[in-house]
Undergrad: 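Submitted below is the structure of interest, expressed as C-alpha cells.
Computed from a predicted structure; not experimentally measured. Order of appearance sets the numbers: ligands from 1, and atoms from 1 within every ligand. The figures that follow rest on heavy atoms only: side chains count, while hydrogens, waters and symmetry mates do not.
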Amino acid sequence: VVYYKDEYFKDVAKQKEIIAGFQRGLEQQEFVVHYQPKVMADNKTIYGGEALVRWNRQGTLIYPGDFIPVLERDGSICKLDFYVLDKACALLEDCMKKGLDLPRISINFSRKHIGNTCLVREIVEVIDCHKIPHEYVEIELTESEDFRDYIVMAKLIDALKAEGISTSIDDFGTGYSSLNMLKMTSIDILKIDKSFIPLEEECKEKNKDCIMFENIAHLAKALGVMVVAEGVETKQQYEYLKQMGCDIIQGYYFDKPLIQEQFLEKIKMGSY
Ligand code: C2E
Ligand code: MG
Ligand code: MG
C-alpha cells in the first residue's frame, strides 16, 4: 500500500519538466561544462581535470544531482554524455591551438551506455573529429551491482584501451562489488569516493576509514592501478593522502569545478 502525498505529484511534475526541457536545452546550448583540476599529489602539478555538467536554465545554474537521475531513468543521459565529450574535446583542441600542455580530461559516462555495442566507435569518432590524441581523454564509469555487467564492462574497458583511451572507476567503494571490478577488468584508474577519505575532525569511524583507505590504495597500487582521491578539502587530508601513496588529488582543497576560462588559466599556470 502506498499513501499518496502531494510531494509525489510535485516530483513527477518536476521530472516531466526536466524531460520536456532537455532536448531544447541541448539545442540551445544551455548545458555548460565546468572542469575540476586534478593535481599530482607529489609535486602539485596539474595532471588534468574532470568535466562536470551544469544546466543553465533561464539564468539559474542547476547542478547534476537535480537532473542526471531523471535523465538516466529516461535514457536521455547518453546524449548529454556525448555532448559533454564533444565540449571537452573542443577544449583540448583549443589548448592544442594555443600551444598549451594538454591536460587529460575525464568525462563521466552513465551506465546506460553499457549495451551500446557501437559505444567505443562513437567515442573515437568524437575525439578524432577534434584531432585529439586519444590518451588525453579518460572515460569515468561507475560500478554496477549487476554481475553480468562486469563481462560487458571488461570488454568495453579493453576496447577503449586498444584505442589508447583510459578508463577510471568513479566512486569506487560505493557500489556492491568493487573488488570484482578490480578482479575482472583491466581498469587503469580508481577514483576513491569521498566517503572513504578520512575526515579531519574526530569522528567515530575515522580509524576505520584510515584502515580501509590505506588498504584500498595499497591493493590498487600493487595491481598497477593509479589512485585518485576525490573530495579532498583540507591540507591535512592532502598530506595524509600523499603519504598513503595516492597519485592524484581532486577536491575543493585545490579548486572547485571551474568555468572553462578559469580552468585554462590554471593549465597555463601548470601547478599549485
Ligand atoms: P562525480 O563524478 O563523482 O563528481 C565529483 C563530484 O564531487 C562533483 O559534484 C564535484 O563538484 C564534487 N566535489 C569535488 N570536490 C569536492 C570536495 O572537495 N568536496 C565536496 N563535498 N564535493 C566535491 P557535481 O559536479 O555536483 O556532480 C555530481 C555527480 O553528477 C558526479 O559525481 C557525476 O556522477 C554526475 N555527473 C556530472 N557531470 C556528468 C556528466 O556529464 N555525465 C554523467 N553521466 N554524470 C555526470
Ligand atoms: Mg566522476
Ligand atoms: Mg566520483
Undergrad: Write out the residue and atom name of the closest protein heavy atom to atom 38 (N) of ligand 1, then the distance separating them to 0.1 Å.
TA: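 Checked against all protein heavy atoms, atom 38 (N) of ligand 1 sits closest to V53 N, 3.2 Å.
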
Undergrad: If you have a sec, work out which protein heavy atom is nearest atom 32 (O) of ligand 1 and how many Å separate them, to one decimal?
TA: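 The closest heavy atom on the protein side is D170 OD2, 4.6 Å.
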
Undergrad: Is it possible for you to say whether I192 and F254 belong to one hydrophobic cluster, with membership spreading through side-chain heavy-atom contacts below 4.5 Å?
TA: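 Linked within one cluster.
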
Undergrad: Based purely on interatomic distance, does N108 place a nitrogen or oxygen under 3.5 Å from a nitrogen or oxygen of ligand 1?
TA: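 Indeed, backbone or side chain, N108 has an N or O that close.
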
Undergrad: Looking only at heavy atoms of H34, does any of them come nearer than 4.0 Å to an atom of ligand 1?
TA: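 Distance cut 4.0 Å: H34 fails for ligand 1.
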
Undergrad: Would you mind telling me if ligand 1 is within reach of the side chain of E72, the backbone, both or neither, using heavy atoms under 4.0 Å?
TA: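 Within the 4.0 Å criterion, E72 makes no contact with ligand 1.
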
Undergrad: Closer than 4.0 Å to some heavy atom of I77 - which atoms of ligand 1 meet that?
TA: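 This gives 44 (N) as the contact atoms.
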
Undergrad: Does the residue G231 have a heavy-atom contact with ligand 1, meaning some pair of atoms that are separated by less than 4.0 Å?
TA: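 Per 4.0 Å heavy-atom rule, G231 contacts ligand 1.
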
Undergrad: Do any N/O atoms on Y63 end up under 3.5 angstrom from N/O atoms on ligand 1?
TA: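 Among all N and O atoms of Y63, none is under 3.5 Å from an N or O of ligand 1.
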
Undergrad: In this structure, are over 12 heavy atoms from other groups packed under 6.0 Å from F9 atom CZ?
TA: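 Not buried by this count: 12 neighbours or fewer within 6.0 Å.
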
Undergrad: In the single-linkage hydrophobic clustering (I, L, V, M, F, W, Y; side-chain heavy atoms under 4.5 Å), do V70 and L80 co-cluster?
TA: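 Same cluster: V70 reaches L80 through Ile, Leu, Val, Met, Phe, Trp or Tyr contacts under 4.5 Å.
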
Undergrad: Is N108 close enough that one of its N/O/S atoms sits under 2.8 Å from the Mg ion (ligand 2)?
TA: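 Here the distance criterion (N, O or S atom, under 2.8 Å) is met by N108, so yes.
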
Undergrad: Using only N, O or S atoms, tell me which atom of E50 is closest to the Mg ion (ligand 2).
TA: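 Restricting E50 to its N, O and S atoms, the minimum distance to the Mg ion (ligand 2) goes to OE2.
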
Undergrad: Answer yes if L61 and W55 sit in the same cluster of Ile, Leu, Val, Met, Phe, Trp and Tyr residues linked by side chain heavy atoms under 4.5 Å apart, and no otherwise.
TA: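 No; W55 is not reachable from L61 via cluster members.
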
Undergrad: Test of understanding: clusters of I, L, V, M, F, W, Y form through side-chain heavy atoms closer than 4.5 Å, transitively. Do I189 and V120 belong to the same one?
TA: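 No; tracing contacts between hydrophobic side chains, which count when under 4.5 Å, never links both residues.
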
Undergrad: Once rounded to the nearest 0.5 Å, what's the spacing between atom CZ of F82 and atom CD1 of I123?
TA: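 Taking CZ in F82 and CD1 in I123, the distance rounds to 5.0 Å.
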
Undergrad: What residue and atom, counting heavy atoms only, is the protein's closest point to atom 40 (C) of ligand 1, and at what distance?
TA: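 Its nearest protein heavy-atom neighbour is D81 OD1, 3.7 Å.
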
Undergrad: Please name the atom of D171, restricted to N, O or S, that is closest to the Mg ion (ligand 3).
TA: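 The atom in question is OD1.
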
Undergrad: Select one of side chain, backbone, both or neither to describe which atoms of E230 lie under 4.0 Å from any atom of ligand 1, heavy atoms only.
TA: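 For E230, only side-chain atoms sit under 4.0 Å from ligand 1.
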
Undergrad: Please say yes or no: joined through hydrophobic side-chain contacts below 4.5 Å, possibly via intermediate residues, are V137 and L52 part of one cluster?
TA: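 In one cluster: no.
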
Undergrad: Can you sort out which atoms of ligand 1 are near E50, meaning under 4.0 Å from one of its heavy atoms?
TA: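 In order of numbering, the contacting atoms are 1 (P), 2 (O), 4 (O).
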
Undergrad: What's the shortest distance from atom 41 (O) of ligand 1 to any protein heavy atom, and which residue and atom give it?
TA: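 I find the closest protein heavy atom is V84 CG2, 3.5 Å.
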
Undergrad: Give the atoms of ligand 1, by number and element, whose distance to some non-hydrogen atom of V232 is under 4.0 Å.
TA: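 Matching atoms, with element in brackets: 18 (O).
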
Undergrad: With the threshold set at 4.0 Å, does a side-chain nitrogen-carboxylate oxygen contact exist between R24 and E27?
TA: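 Result for this pair is no, no salt bridge flagged.
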
Undergrad: For ligand 1, is any non-hydrogen atom under 4.0 Å from K256's backbone (N, CA, C, O), its side chain (CB onward), both, or neither?
TA: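 For K256, there is no contact with ligand 1 at all, from either part.
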
Undergrad: Decide, yes or no, whether a salt bridge links E138 with K191 under the criterion of side-chain N to carboxylate O below 4.0 Å.
TA: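 Result for this pair is no, no salt bridge flagged.
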
Undergrad: Provide, to 0.1 Å, the distance between atom 21 (N) of ligand 1 and the closest protein heavy atom, together with that atom's residue and name.
TA: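 Heavy-atom neighbour on the protein nearest atom 21 (N) of ligand 1: E233 OE2, 3.1 Å.
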
Undergrad: For N/O/S atoms only: which one belongs to D170 and is nearest the Mg ion (ligand 3)?
TA: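 Considering only N, O and S atoms, D170 comes nearest to the Mg ion (ligand 3) through OD1.
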
Undergrad: Name the residue from L26, L71, V84 that meets the side chain to side chain contact (heavy atoms under 4.5 Å, CB included) definition with K79.
TA: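 Answer after filtering L26, L71, V84: L26.
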
Undergrad: Relative to atom 27 (O) of ligand 1, which among A88, P64, A51 owns the nearest non-hydrogen atom?
TA: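 Heavy atom nearest to atom 27 (O) of ligand 1 belongs to P64.
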
Undergrad: Looking only at the aromatic ring of each residue, does the gap between the centers of Y63 and H34 stay below 6.0 angstrom?
TA: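 Here the rings of Y63 and H34 have centres that are no less than 6.0 Å from each other.
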
Undergrad: Is the distance between the Mg ion (ligand 2) and the nearest N/O/S atom of E140 smaller than 2.8 Å?
TA: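 It does; at least one qualifying atom falls short of 2.8 Å.
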
Undergrad: Identify the closest protein heavy atom to atom 15 (N) of ligand 1: which residue and atom is it, and at what distance?
TA: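 Heavy-atom neighbour on the protein nearest atom 15 (N) of ligand 1: Q36 NE2, 3.0 Å.
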
Undergrad: Could you tell me which non-hydrogen atom of D171 sits nearest to which non-hydrogen atom of E143, and how far apart they are?
TA: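 That closest heavy-atom pairing would be O-OE2, 3.4 Å.
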
Undergrad: Closest non-hydrogen protein atom to atom 31 (C) of ligand 1, residue and atom name please, with distance?
TA: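 Minimum-distance protein heavy atom for atom 31 (C) of ligand 1 reads L52 CD2, 4.2 Å.
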
Undergrad: For the atom pair CG (D255) and CD1 (I46), what is the distance rounded to the nearest 0.5 Å?
TA: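 The distance works out to 8.0 Å.
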
Undergrad: Does atom CG (N43) have a neighbourhood of more than 12 heavy atoms from anything else shown, all under 6.0 Å?
TA: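 Yes, because the 6.0 Å sphere around CG of N43 holds more than 12 heavy atoms from other groups.
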
Undergrad: May I ask you to identify the nearest protein heavy atom to atom 35 (C) of ligand 1, giving residue, atom name and distance to one decimal place in Å?
TA: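 Among all protein heavy atoms, the one nearest atom 35 (C) of ligand 1 is I68 CD1, 4.0 Å.
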
Undergrad: Out of all atoms in ligand 1, which are within 4.0 Å of some heavy atom of P257? Include the element for each.
TA: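 By the 4.0 Å cutoff, the relevant atoms are 11 (O).
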
Undergrad: Closest to the Mg ion (ligand 3), which N/O/S atom of E230 is it?
TA: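 Looking only at N, O and S atoms of E230, the one nearest the Mg ion (ligand 3) is named OE2.
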
Undergrad: Below 4.0 angstrom, N of the basic side chain to O of the carboxylate: do D94 and K98 qualify?
TA: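 A salt bridge links D94 with K98.
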
